[in-house]
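The block underneath contains the structure these notes are about, expressed in structure tokens.
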Amino acid sequence: MFSLILKDILISKKILLLTAAFLIVWVSTFPEEARNFAAVVIMAGMTYMGMIIASSADETNKADILLNSLPLRRHEIVLAKYLSIFVYSAIGIAIYLLVAAATKVLGFPIYVYPINFKAVIYGILAVSFLNAIYLPLMFKFGHGFSGIMYIILIFGFSYGISYVIRLFEKLVNYDWFQNIVSFIMNQSDTVKMLFITALALIILTVSCLLSVKFYKNREF
Amino acid sequence: MESILEVRNLRKSFKGFTLKDINFSLPRGFIMGFIGPNGAGKSTTIKLIMNLLKRDGGEIKVFGLDNIKHEKEIKEKIGFVYEESYFYGDLTISEMKRVIAPLYKNWDEEAFIKYLKEFDLPAKRKIKSLSRGMKIKFALAIALSHGAELLIMDEPTSGLDPLIRSELLDIFSSLIQDENKSIFFSTHITSDLDKVADYITLINKGEIIFSTTKDEIIENYGIVKGSKDILDENIKKYFVGIKENKFGFEGLVKDKNQIKKLLKDTVIVEKPTLEDVMLYFTKEEYRCSV
């Protein structure tokens, strides 16, 4: 299964490096109030590019025929894609931290914001949510439409966030909602982070089960 | 004889095509040629064996095990070569090997290096820059480096020049020296099978026409040539197919001795090639009986 992740990285390595470079320059131009989004942007950007490049290679090479002729179970092929979300994110963060350290040591005139653990957890939630919708669609309909699907999802996601914010603004007038929010806010940071991580894992697990179901029914 | 591959009453329907309860079995240690015209159902059968398509009914046993229930276990011991290369074109041979090798429990790195040398495959070359013959050889090197006992090949020689084809056929013949290995080989280039196959299975329009030893075909079947005067409905019953022209007729019979006895010196009887056999069985305008 880890071979499949290695395969996706080997295919997309050059693009991933370029993407990381582009994202680092881009996030360094963010205003101070948006600096917490740096991790989310890096993780989402790297995952997006990794997924799209791997998917396009799978489509071009009709890879499902190869993969399903190898001693692999279909759920392993699906699981490898889900694990690769974290691998792409980790690569992005690792490159970012390396660049941050290098700019500091070498005294480059670019300021690279440090990334904290909290931002990474928010990043995990964001990429989990995005891919939890994208991957079942990809396993259901194939790689052909994955590029378009992902773009629609990103736009949908951006719209979705503003919708969620508006919804929160309305809900905040209700007592029960205020109680939930104050309950969460009163927890320690560790509990909050654990809650977000658990939420991301639950979303991914449900999505993964759905993807396995779809992929098992596919014919090649 | 132990069957390494057994297909029983296999069924699969698509819009406009049905694989109709097909049956055949391949004993261990032999090469079976799976022949038929384009669209006959060869690739569909192979995809069903590899569980790339879902069967509507019937049974497929590989190494005596159900191909779906024991899919992973079976695929550990299957080598596959398809008509098209499905390897990632942007990876090099050695990168592709790095991806595939850990998936096989019995991967033999030394054997792989040996085959790369033998097949003259440069490890650092990107797969998309390889010729079709080289891609087939790479697929074969992968298939032979994990101790595959059954090689399943879908039109491996199609589109190759005669030199590479002959080279590949020699490799297949040498492989089969190991009596533990078998090859299931679909092709429409029947001359390849004249050289290497032990068994022939002919499929047409989703139905198995016959599945038998090549010797049985070569020894018993016959191409009969003669004057059209001797052809009547009674005689035509002995023929699988007949091709007539203004000079006479040529036809295929399943039992050449029977026709020799019947028509004596009025006809010439020759050994058929597999191409003759396929042609007379599948070309509608030649068909007489079965």
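In what follows, chains are A, B, ... by sequence order, proteins preceding strands, each numbered from 1.
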Q.
To the closest 0.5 Å, what do you measure between CD1 (I78(B)) and CG (L70(A))?
A. 11.5 Å
Q: Could you tell me whether F30(A) atom CZ has more than 12 heavy atoms of other residues or ligands within 6.0 Å of it?
A: yes
Q.
Please determine whether the number of non-hydrogen atoms from other residues, nucleotides or ligands lying under 6.0 Å from atom CZ of F2(A) exceeds 12.
A. no
Between chain B and chain A, identify every pair of one donor and one acceptor N or O atom lying under 3.5 Å apart.
residue : atom : partner : partner atom : Å
K12(B)  : NZ   : E219(A) : OE1          : 3.4
K12(B)  : NZ   : E219(A) : OE2          : 2.6
K47(B)  : NZ   : F220(A) : O            : 3.4
N51(B)  : O    : R74(A)  : NH2          : 3.1
L52(B)  : O    : F220(A) : N            : 2.8
K54(B)  : N    : E219(A) : OE2          : 2.7
K54(B)  : NZ   : K216(A) : O            : 2.8
K72(B)  : NZ   : E76(A)  : OE1          : 3.4
K72(B)  : NZ   : E76(A)  : OE2          : 3.0
K75(B)  : NZ   : N68(A)  : O            : 2.4
Y82(B)  : OH   : S69(A)  : OG           : 2.6
E84(B)  : OE1  : K62(A)  : NZ           : 3.3
E84(B)  : OE2  : K62(A)  : NZ           : 3.3
Y88(B)  : OH   : K7(A)   : NZ           : 3.0
Y88(B)  : OH   : D58(A)  : OD1          : 2.4
G89(B)  : N    : N61(A)  : OD1          : 3.1
E95(B)  : OE2  : K13(A)  : NZ           : 2.9
V99(B)  : O    : S3(A)   : OG           : 2.9

Q | Choice from I65(A), I5(A), L6(A) maximising heavy atom contacts with chain B below 4.5 Å | A | I65(A)
Q) Out of L103(B), I142(B), I100(B), L91(B), which one racks up the most heavy-atom pairs below 4.5 Å with chain A? A) L103(B)
